[in-house]
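Note sheet for the following structure.
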Amino acid sequence: MRKTACALLITLLLTALAVAADTFQTGKIVKWDNGTYPDGKKTKTWVVYQVQGDNLLYSIARKKESKPQMQPGDTVQYQVKGNQMTVDDKGKKNKYQIVGQQQATGQ
């Protein structure tokens, strides 16, 4: 009985951690700008967005995105895992590379 209760408790805790890891935070697109990245011998252009989180300002970009899909003032849901950010903009989820981050001003 004791082993079963312990196994059940561990399972519930692991499930709670997995659900908590999949939660999205609310952020705001502050601005976007054109940036470049090397692609072999060529330099290609991509859109770099600045996303304001709770206490960090992220710079994110996605290869092959040369026209802005989000505009300043847009509210988005985002999730950070390593150097990747998944952005849910009006139900459309896209993965972006984090190319910079800094402490948000006024915090």
Side-chain angles (χ1 to χ4, degrees):
M1 178 74 176
R2 190 173 224 174
K3 287 182 180 180
T4 305
C6 187
L8 182 60
L9 180 62
I10 290 172
T11 303
L12 288 173
L13 288 174
L14 290 175
T15 303
L17 287 174
V19 170
D22 289 339
T23 59
F24 280 74
Q25 299 176 18
T26 301
K28 187 175 186 178
I29 304 298
V30 177
K31 71 175 189 172
W32 65 265
D33 203 355
N34 288 319
T36 59
Y37 68 95
D39 189 20
K41 295 180 180 180
K42 299 178 182 178
T43 300
K44 295 196 175 181
T45 303
W46 61 1
V47 177
V48 179
Y49 299 97
Q50 285 196 346
V51 180
Q52 172 75 54
D54 286 338
N55 58 0
L56 289 175
L57 183 65
Y58 296 96
S59 295
I60 61 170
R62 184 170 62 143
K63 289 185 179 180
K64 298 183 181 179
E65 185 172 311
S66 57
K67 295 180 183 176
Q69 304 297 313
M70 300 178 283
Q71 296 298 320
D74 286 356
T75 300
V76 295
Q77 299 293 313
Y78 70 92
Q79 178 181 38
V80 176
K81 286 187 181 177
N83 69 342
Q84 298 284 318
M85 178 184 283
T86 302
V87 175
D88 185 346
D89 180 33
K90 300 172 190 133
K92 186 177 179 184
K93 291 183 182 177
N94 290 308
K95 290 193 180 209
Y96 290 85
Q97 179 180 341
I98 298 174
V99 295
Q101 70 183 44
Q102 63 186 8
Q103 193 71 27
T105 57
Q107 297 294 319

Answer yes or no: is there a side-chain heavy-atom contact under 4.5 Å between [X] and [Y]?
X: Asn94; Y: Asp89; value: no
X: Tyr49; Y: Glu65; value: yes
X: Trp46; Y: Val99; value: yes
X: Asp88; Y: Val76; value: no
X: Leu56; Y: Gln103; value: yes
X: Ile29; Y: Val51; value: yes

Flag for Ser59-Gln101: side-chain donor and acceptor within less than 3.5 Å: no

Donor-acceptor side-chain pairing of Tyr37 and Gln97 below 3.5 angstrom: no

Salt bridge (charged side-chain N to carboxylate O under 4.0 Å, His left out) partners for Asp33, two or more places apart: none

Roughly how far, to the nearest 0.5 Å, is [atom2] of [Y] from [atom1] of [X]?
X: Lys95; Y: Gln79; atom1: NZ; atom2: CD; result: 8.0 Å
X: Gln102; Y: Gln50; atom1: CD; atom2: CD; result: 6.5 Å
X: Gln84; Y: Ile98; atom1: CD; atom2: CD1; result: 7.5 Å
X: Ile60; Y: Asn83; atom1: CD1; atom2: CG; result: 12.0 Å
X: Lys93; Y: Gln77; atom1: NZ; atom2: CD; result: 10.0 Å

Flag yes if [X] and [Y] sit in one hydrophobic cluster, no otherwise; membership is Ile, Leu, Val, Met, Phe, Trp, Tyr, and two members link when side-chain heavy atoms are under 4.5 Å apart.
X: Trp32; Y: Val87; result: yes
X: Val80; Y: Met70; result: yes
X: Leu57; Y: Tyr96; result: no

Polar side-chain atom of Gln69 near backbone of Lys67 as donor-acceptor pair, under 3.5 Å: yes

ring-ring contact (aromatic ring centres under 6.0 Å, His included) contacts in which one or both residues fall within residues 67-94, not counting sequence neighbours: Tyr58-Tyr78

